[in-house]
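Just so it is clear, the structure is predicted and the values come from calculations on it, not from any experiment.
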Amino acid sequence: MQISYYYLNNARLRSKLINFFDSIILKIQNVVRDQLTFSFSLVGSGKTRLITIDSNNHIDLDYNLVIQRDKVGISDDPKELKSIIMNAFRGCLSKGTHVCDSTSAITVRSDNFVIDGYKYSADFAIIFEGNDGYYYKLLFDKPNNVYLWGRIKKSHNFGYKFSRLKEEGLWLEIKERYIHKKRTINKPSFSLLIETVNELCQKYGIQWFLRIS
């Protein structure tokens with residue numbers, strides 16, 4: 001059966017999930033603070049965020065961990081960087097929680113992650129914004145057992161573009177186009193959101209700030 005996606009519209013449930021994972025990430029920030037600092041955010045923004053639930057009643061949260069300051073040069077060794085953050089997750093989560101090394105994220109799941117009858121998990125992508133204005137994501141090339149930074153296509157000035165679209169009152173259209181992509185395209189959530197933002201900029205002729213495609 002093909003899985004479909006919908007937005008999680010239960011505000012109380014959203015708040016519980018966000019508070020749970022936010023508290024974990026705050027602990028991790030404290031654990032790694034001597035080596036690096038990072039900010040974090042759910043993919044998207046706004047009161048509802050872009051938290052989805054699938055047709056199997058599984059809730060999926062997608063976070064970006066955005067590297068801000070590398071105090072020991074660990075960014076030059078993406079494998080070690082990911083290992084440090086994964087170990088911090090393991091130390092801050094209860095026994096029985098699985099911290100998995102996925103291709104483009106750290107996936108956190110547990111059989112005990114059930115709330116109001118819904119199972120849930122979270123993916124944490126490690127990214128940074130380069131001096132060229134593009135976002136770079138920490139990737140694990142499993143066939144070659146190599147960790148590397150991959151430039152996210154068409155991510156140039158994403159934050160600025162996203163803010164401008166919201167200022168133009170296009171938040172609902174962002175949500176509609178994003179969830180359609182989520183249902184039909186098998187890509188990381190952040191990549192789908194970037195595609196959504198670029199397409200809407202083109203649709204509405206908001207070209208003057210699209211300096212690089």
Side-chain angles (χ1 to χ4, degrees), residues 22 25-26 28-46 49-50 61-89 101-107 122-142 144-168 170-171 174 177-178 181 185 187-213:
D22 282 5
I25 301 172
L26 290 171
I28 290 169
Q29 286 180 318
N30 187 56
V31 169
V32 305
R33 70 180 186 276
D34 291 337
Q35 297 159 301
L36 59 95
T37 61
F38 64 87
S39 63
F40 65 94
S41 63
L42 278 164
V43 171
S45 66
R49 313 294 175 99
L50 294 178
L61 294 92
D62 294 281
Y63 280 88
N64 285 332
L65 307 183
V66 185
I67 303 299
Q68 294 179 309
R69 185 182 176 195
D70 177 0
K71 300 179 180 180
V72 294
I74 196 67
S75 297
D76 294 332
D77 187 350
K79 180 178 181 180
E80 180 63 16
L81 172 58
K82 194 170 189 182
S83 177
I84 287 171
I85 296 178
M86 287 182 67
N87 286 334
F89 267 105
D101 189 357
S102 302
T103 300
S104 60
I106 296 170
T107 300
D123 288 324
F124 299 87
I126 302 170
I127 69 174
F128 74 90
E129 187 174 5
N131 294 330
D132 58 0
Y134 284 89
Y135 283 94
Y136 290 78
K137 180 186 290 189
L138 203 163
L139 302 174
F140 178 26
D141 180 358
K142 291 186 177 182
N144 296 307
N145 194 29
V146 173
Y147 292 80
L148 50 88
W149 292 105
R151 191 170 80 171
I152 302 176
K153 294 179 179 180
K154 299 185 179 180
S155 63
H156 188 267
N157 286 343
F158 165 77
Y160 180 64
K161 298 172 187 175
F162 187 54
S163 296
R164 286 291 299 147
L165 287 173
K166 290 180 64 181
E167 289 171 5
E168 295 293 330
L170 297 169
W171 174 236
I174 290 172
R177 187 171 291 234
Y178 171 81
K181 288 181 177 292
I185 304 172
K187 283 186 179 180
S189 296
F190 190 42
S191 294
L192 295 178
L193 184 59
I194 288 170
E195 286 185 8
T196 297
V197 166
N198 286 330
E199 288 171 5
L200 288 177
C201 286
Q202 293 176 0
K203 175 180 177 180
Y204 288 100
I206 308 175
Q207 300 290 341
W208 50 273
F209 61 81
L210 295 179
R211 293 183 289 273
I212 299 179
S213 61

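Here Asn145 pairs with nothing under the side-chain hydrogen bond (donor to acceptor under 3.5 Å, both in side chains) rule; sequence neighbours left out. Annotation: side chain to side chain contact (heavy atoms under 4.5 Å, CB included) contacts of Arg33 (sequence neighbours excluded): Asn30. Judged as a side chain to side chain contact (heavy atoms under 4.5 Å, CB included), and not counting sequence neighbours, Asn131 has no contacts. Residues passing the side-chain hydrogen bond (donor to acceptor under 3.5 Å, both in side chains) test with Lys82 are Asp101, sequence neighbours excluded. Every residue meeting the ring-ring contact (aromatic ring centres under 6.0 Å, His included) condition with Phe158, not counting sequence neighbours, appears here in chain and number order: Phe162, Phe190. For Lys187, the side chain to side chain contact (heavy atoms under 4.5 Å, CB included) test picks out Ile185, Leu192, Glu195, with sequence neighbours left out. For Phe38, there are no ring-ring contact (aromatic ring centres under 6.0 Å, His included) partners two or more places apart in sequence or in a different chain. Applying the side chain to side chain contact (heavy atoms under 4.5 Å, CB included) rule to Ser39 yields the partners Val66, Gln68; only residues at least two apart in sequence or on another chain are considered. Residues forming a side-chain hydrogen bond (donor to acceptor under 3.5 Å, both in side chains) with Glu168 (at least two apart in sequence, or on another chain): Arg164. Here Tyr178 pairs with Ser189 under the side-chain hydrogen bond (donor to acceptor under 3.5 Å, both in side chains) rule; sequence neighbours left out. Residues meeting the salt bridge (charged side-chain N to carboxylate O under 4.0 Å, His left out) test with Glu129, sequence neighbours left out: none.
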Worked check of side chain to side chain contact (heavy atoms under 4.5 Å, CB included) between Leu42 and Asp62
CA-CA 6 Å; Leu42 278 164; Asp62 294 281; 5.7 Å; no
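Between the CD1 atom in Ile74 and the CD1 atom in Ile84 there is a gap of 4.0 Å [rounded to 0.5 Å]. Expressed to the nearest 0.5 Å, how far CD1 of Ile67 lies from CG of Leu81 amounts to 5.0 Å. Between Phe128 atom CZ and Ser75 atom OG the span is 7.0 Å, to the nearest 0.5 Å.
Using modelled atom types and a 3.5 Å distance limit, the side chains of Tyr135 and Asn157 yield no donor-acceptor pair.
Put simply, the side chain of Phe89 reaches to within 4.5 Å of the side chain of Ile28, judged on heavy atoms. By the 4.5 Å heavy-atom criterion applied to side chains, Trp149 and Ile126 are counted as neighbours.
Checked against the 6.0 Å centroid criterion, the rings of Phe40 and Phe124 do not qualify as a close aromatic pair.
Sorted by first and then second residue, the salt bridge (charged side-chain N to carboxylate O under 4.0 Å, His left out) pairs involving residues 69-80 (not counting sequence neighbours) form an empty list.
Partner of Asn198 under the side-chain hydrogen bond (donor to acceptor under 3.5 Å, both in side chains) criterion, chosen from Lys161, Lys153, His156, Lys154: Lys161.
Residues Leu50 and Val43 share a closest heavy-atom pair of CB-O, 3.3 Å.
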